[in-house]
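Just so it is clear: chains get the letters A, B, ... in the order the sequence lines come, proteins before strands, and each one is counted from 1. Values below: every heavy atom of this structure, side chains too, minus hydrogens, waters and symmetry copies.
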Amino acid sequence: MKKIIKDILLKRLDELNSSLPVQAPDFFEIEVPKKKEFGDFSTNIALVLSKSMKKNPREIATLIVSEFKNDLFSKIEIAGPGFINFFLNDSMVRKILEDRSENFDYFLSPKSENKKRIFIEYVSANPTGPLHVGHGRGACIGSSLSNILKELGHEIHQEFYINDAGSQIKNLGLSIILRAKELKGENVEYTKDCYMGEYITDIAREFMKKYDNLDISEYFINEASRFGKNLVLGWIKKDLEDFGVNFDNFQSELELFERGYVNECIKVMRNKGLIYEKDGALWFKSTDFLDDKDRVMVKENGEKTYFASDVAYHKLKFERDYDIYINIWGADHHGYVPRVKSAIKALGYDESKLKILMVQMVSLFRDGKPVTMSKRTGDFVTLREVLDEVGKEPMRFTFLTRKHDSPLDFDIELVKQKTSDNPVFYVQYMYARINSVFKVAEERGIKIPAKLSFNRLTLEEERELIKQILAFPDVLFDVEFFLEPHLLTYYLINLAQLFHSYYNAHRFINGNDIELTNCRLSLLFLLQKLIKKGLYLLGIETPERM
RNA sequence: GCGCCCGUAGCUCAGUAGGAUAGAGCAACAGACUUCUAAUCUGUGGGUCAGGGGUUCGAAUCCCUUCGGGCGCGCCA
């Protein structure tokens, strides 16, 4: 809808261009004003233009508006400092809706003008323990964003990077063996790097079924590491699946080493003169780029750092030549951004193609009190625990009603409540309610008309709902632009609000006025499809009844 | 100490390439079920947008600064 108006406006500027030097600005806004008296849409184009044209914005607005006619608008006004307000012609709006309804599935799946290949990496948790709630937040944002971008016609590759190399994996193996010994009644002393969660016991039990000799040898630690990693990875994949998150690929860090990518990468950087030796270690001169400190790639003892393999991983990503790379990271990794971007730049790639979304921490509460302990794991609350307790839908919805960079307080009891405290039910209820209207209509022998019609929908509520339906593509494009899936969530809540209000104020099925009934059922039919699509994009199901 | 993020109603949060009189939900209070599902709706009250300064026609939004909170600052991953 915004696009329609924008096109009309650009065309108008074009017309003016022949007589006056008006240049279309790079960016101007078509927005829905907060106040009804300012019309259905308004633009700040005259205000934006006034800067470059050095002219009074109202004067420019007058220029644009005078003798500007279009059937879509019943009225165009200049207001305030120079806003141009558009008042829609209701019958035209209904006509547009009718037009869109003929191919509504297509309307609900608008395509972006330039299709892009997008690589999105998220979650990427260490396979040393089950996913926790914070991972769930990133998983949710990543998967919903992927769904929406895919819907817009982009080619999406979703990847999970497994940090299965390095010391933390060895620590996992050692922890498993020590726990197994302990289970056998031996006295053991854990090192401070050991993982102490209860889940280690589960792994140790499984491990003992296969191995009875528990030496703390390099060989056994490796065995235990691999064993534990695979088990944990299985949990992680299951959790993600149950959470509605699907990846195209799980990329193993270890594999990057085994295939020689990491060595290759270091060699390339060396040849480019990006690496120097100091104190027996190899350093990447990241301060030549965007970092405030140089970074070690190969330690004095010859081991590669985590950073080294991460550079190799990003090199591999960029070799695959995507248009955009999105990384969703926990906020505790923000210090890592400059060095990764430096490496990408140093390797000759365009680091601005990499967008890193920092997802802020999740703090758990129960009835307003902070939850810091978990019986099961000793030190954190797993995604699985909360998922089992509150369910996928409320959890996803809660994560998706916040923008990614604000910290989130997650109250388990609140999210569990089946009240309007919990907007997920509010939105799902809209779907279920429409469903039941259809059911009753059918019982009374009224079917959804084969040819949808809207001409009798003249109520204020109906006008609003129609406007909102037509705004759906705008919302998806906003999500694309800002990389903020929560915009869709808020849109759906708002739509449900309009609907429930409409539902309470008016009856849809009216045996005395079949024509009107048909129009209303037509509207509900579109609304139901829309809400289903919207929730689907958020990874949330639509129950037929509630 | 340095860096990043956050601070909006009692609570949880929207408000995004500067725009018009600051927005929801919850909680509080007062109402609406003989009706297509009350998991709903209608109404009322509630604000120094953390404080201060600046930029300009215009700032919750941009810049500086103070305060408060979170997170980072390894040859850990």
Heavy-atom pair with the smallest gap, counting every atom of Pro394(A) and Phe425(A):
CG-CZ, 4.0 Å

Protein-to-nucleotide contact annotation, 5' to 3' order, nucleotides 10-16 of chain B [B base; S sugar-phosphate only; - none; under 4.0 Å, heavy atom]:
--SSSSB

At 4.0 Å (heavy atoms only), tell me whether Arg545(A) reaches a base, stays on the sugar-phosphate, or touches nothing.
base

Salt bridge (Lys or Arg N to Asp or Glu O under 4.0 Å): pairs with one or both residues in residues 31-43 of chain A, sequence neighbours excluded
Lys36(A)-Glu460(A), Asp40(A)-Arg463(A), Asp40(A)-Lys467(A)

Cut-off 3.5 Å, no hydrogens considered: what does the side-chain donor-acceptor table look like for residues 352-361 of chain A, sequence neighbours left out?
| unit_1 | atom_1 | unit_2 | atom_2 | d |
| --- | --- | --- | --- | --- |
| Ser352(A) | OG | Asp350(A) | OD1 | 2.7 |
| Ser352(A) | OG | Asp350(A) | OD2 | 3.2 |

Base, sugar-phosphate, or nothing for Asp411(A), non-hydrogen atoms under 4.0 angstrom?
nothing

Looking only at N and O atoms, is any donor in the side chain of His334(A) or the base of G3(B) less than 3.5 Å from an acceptor on the other one?
yes

Going by side chain to side chain contact (heavy atoms under 4.5 Å, CB included), name the residues that satisfy it together with Glu277(A), two or more places apart in sequence or in a different chain.
Arg270(A), Leu282(A)

Who passes side-chain hydrogen bond (donor to acceptor under 3.5 Å, both in side chains) against Asn114(A), sequence neighbours left out?
none

Can you check whether Leu498(A)'s main-chain N or O pairs, donor with acceptor, with Glu461(A)'s side chain at less than 3.5 Å?
no

Atom CZ of Phe397(A) and atom C1' of A39(B) are separated, to the nearest Å, by 14 Å

RNA chain B-proximal residues of residues 296-303 of chain A, any heavy atom under 4.0 Å
Val296(A), Lys299(A), Glu300(A)

Strictly by salt bridge (Lys or Arg N to Asp or Glu O under 4.0 Å), give each pair with a member in residues 504-514 of chain A just once, sequence neighbours left out.
Arg456(A)-Asp513(A)

Could you work out, with side-chain hydrogen bond (donor to acceptor under 3.5 Å, both in side chains) as the rule, every residue matching His500(A), not counting sequence neighbours?
Arg433(A)

Close N/O contacts between protein and nucleotides 30-34 of chain B (under 3.5 Å):
none

Within the distance-only criterion (no hydrogens, no angle test), does the side chain of Thr401(A) pair as donor or acceptor with the backbone N or O of Thr398(A) below 3.5 angstrom?
yes

If A28(B) has a Watson-Crick or G-U wobble mate with both distances under 3.5 Å, name it; if not, just say none.
U44(B)

With sequence neighbours left out, which residue pairs that include part of residues 471-492 of chain A fulfil the salt bridge (Lys or Arg N to Asp or Glu O under 4.0 Å) condition?
none

Nucleic acid contacts of residues 163-172 of chain A, taken as heavy-atom distances under 4.0 Å to RNA chain B:
Ala165(A), Ser167(A), Gln168(A)

Sorted by chain and number, sequence neighbours left out, side-chain hydrogen bond (donor to acceptor under 3.5 Å, both in side chains) with Tyr122(A) holds for Gln158(A)

Tell me whether Phe83(A) and A20(B) count as stacked here, given that the ring centres must be under 5.5 Å apart and the planes must differ by less than 30 degrees.
yes

